[in-house]
Amino acid sequence: VISAKTMLYGILGDPVEHSLSPVMQNAAFQDTGIDAVYLAFCVNKAALQGAMAGIRGLGIGGVNVTIPHKMAVMKYLDEVDSQAKLVGAVNTVRYEEGRLVGFNTDGLGAIEALKEAGKGLNQEQVVLIGAGGAARAISHSLVLEGSNLTILNRNIERAQSLVDDLGEKLGSNVKCLNLTHENLEETLGEADFLINATSVGMAPEIDETPVEKKLINSHLTVFDIVYNPLETRLLREAKENGAKVVDGLGMLVHQGAAAFELWTGHEPPVEVMRKAALERLKEGRNDENRGRNSPRGHNHR
Ligand SMILES: NC(=O)c1ccc[n+]([C@@H]2O[C@H](COP(=O)([O-])OP(=O)(O)OC[C@H]3O[C@@H](n4cnc5c(N)ncnc54)[C@H](OP(=O)(O)O)[C@@H]3O)[C@@H](O)[C@H]2O)c1
């Protein structure tokens, strides 16, 4: 029951209405008996400053931060932890003793998802596609895990600036290349892991893939961080070629679990959170199908 003692948490983003974080975090609060609720707040860029002041004013326990605020939010915080500083982006904020502190749990979420699949990363050859927010977080964590990393991105300047950053902050020697067929062919021949950290293949563009099927060998582990759909074209084709596959749900769950632990100090009920997110994903798919089949055509929001 919600009472006068119930603590509030939430997510700030725009758009945010499809976020799986509310079902995941509320399931975790219920399972652990923690007296708290988690809501989604659609906050546009102009409203971010006010929203952060609102956390202080209302004594909200903490928030997740998503597109487009992961970098912009940093200027409203009192402190940013070392990992988030390294990445240059924050996805989790904790409010305690009058101070807003920022963290980034995305990279840890990705590493946990790969470890869960029985995959260590030390000394492994990893081809990472993408240089956006998620790729930034994952690449920093991979370097810290001791992986040998090559980054491919469509926009090479963006990849180069990430590589420069990794070199400067971690002293790493990461290569970057244009996202082309030839470069994929060359790097994947030697690789142990292929990670897609672009949005290619995400609904509604589910027929797209960042890597042609014929380039995927059976000795690869292919990790796609896109979780909608869970089985992307990339993962389906990788499986058909005999590669090991890891979908985006594990990363989603573990980044949320790490946030839960930062806020509550309580061990996160990971399996409960996974089940809640998975059920919501399945319902979402049913909703989409219903929309498509409905006699009136489109659903209006
Ligand atoms: N599983 C999880 O927990 C989790 C967590 C975070 C994000 N994600 C997913 O990861 C994806 C990326 O998120 P983000 O926050 O990193 O987004 P972002 O910062 O906007 O970065 C997007 C990335 O995708 C690339 N890209 C987009 N369209 C492309 C295309 N047509 N061809 C080639 N590359 C393309 C961009 O390349 P350019 O630089 O060339 O534009 C960039 O590297 C999203 O689908 C998101 O849902 C999953």
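In this chain, residues are counted from 1 in sequence order. Every number for a ligand or one of its atoms is a count from 1 in the order of the listing.
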* Asked: Between Asp106 and ligand 1, does any nitrogen or oxygen pair lie at a separation below 3.5 Å?
  -> no

Ranked by distance from atom 41 (O) of ligand 1, the top protein heavy atom is Arg154 NH2, 2.9 Å

Of all heavy-atom pairs linking Val143 and Val174, the shortest is CG2-CG2, 3.9 Å

So with a 6.0 Å cut-off around CD of Glu186, is the heavy-atom count from everything else above 12?
no

### Message
Please check if the number of heavy atoms outside Asn173 that lie under 6.0 Å from its CG is greater than 12.
### Response
no

With heavy atoms and a 4.0 Å threshold, my read on which part of Ala134 contacts ligand 1 is both

Nitrogen or oxygen atoms of Tyr227 and ligand 1 under 3.5 Å apart: no

message: Less than 4.5 Å apart, side chain to side chain, heavy atoms only: is that true for Val211 and Leu188?
response: yes

Item to check | Atom CD of Gln49 with >12 non-hydrogen neighbours under 6.0 angstrom | outcome: no

Exercise for review: Mark the output for Ala197 as yes if a heavy-atom distance to ligand 1 is under 4.0 Å, and as no if none is.
Suggested key: yes

Note: Arg158, heavy atoms under 4.0 Å from ligand 1, region reported as side chain

Check: Taking atom CD of Glu267 as the centre, does the number of heavy atoms from other residues, nucleotides or ligands within less than 6.0 Å exceed 12?
Finding: no

Take atom 20 (O) of ligand 1 and look for protein heavy atoms under 4.0 Å from it; say yes if you find one, no if not. no

Note: ligand 1 atoms sitting under 4.0 Å from heavy atoms of Gly130 are 43 (O)

- Message: Is it the case that ligand 1 has an N or O less than 3.5 angstrom from some N or O of Ile67?
- Response: no

Atoms of ligand 1 under 4.0 Å from any heavy atom of Asn155, numbered from 1 in the order shown, are 38 (P), 39 (O), 40 (O)

Closest non-hydrogen contact found for Leu77 with Gly102 is CD1-CA, 3.7 Å

Residues pairing under salt bridge (charged side-chain N to carboxylate O under 4.0 Å, His left out) where one sits in residues 34-59, two or more places apart or in two chains, turn out to be Arg56-Asp78

Note to self: With heavy-atom distances below 4.5 Å as the criterion, would you say the side chains of Leu121 and Ile111 are in contact?
What the structure shows: yes

Quick look: Met251 vs ligand 1, heavy-atom contacts under 4.0 Å, and the answer is both

Of all protein heavy atoms, the one nearest atom 27 (C) of ligand 1 is Ser199 OG, 3.4 Å

Note: Asn153, heavy atoms under 4.0 Å from ligand 1, region reported as side chain

Is there a nitrogen or oxygen of Ala135 sitting under 3.5 Å from a nitrogen or oxygen of ligand 1?
no

Using salt bridge (Lys or Arg N to Asp or Glu O under 4.0 Å), reason through Asp106 and Arg136 one step at a time and then give a plain yes or no. CA-CA 9 Å; Asp106 280 335; Arg136 286 194 73 86; over 6 Å; no

Of all protein heavy atoms, the one nearest atom 23 (C) of ligand 1 is Thr198 CA, 3.9 Å

Could you check whether the rings of His266 and Phe260 sit parallel, tilted or perpendicular, using 30° and 60° as the cut-offs? perpendicular

**Asked** Is the closest N or O pair between Glu208 and ligand 1 shorter than 3.5 Å?
**Response** no

query = Would a 4.5 Å heavy-atom cut-off, applied to side chains only, mark Met273 and Gln25 as touching?
reply = yes

So the atoms of ligand 1 within less than 4.0 Å of a heavy atom of Gly248 turn out to be 1 (N)

When you compare ligand 1 with Ile225, is there at least one nitrogen or oxygen pair between them that comes in under 3.5 angstrom? yes

Heavy-atom proximity to atom 47 (O) of ligand 1 ranks first, among His254, Met202, Gln255, for Met202

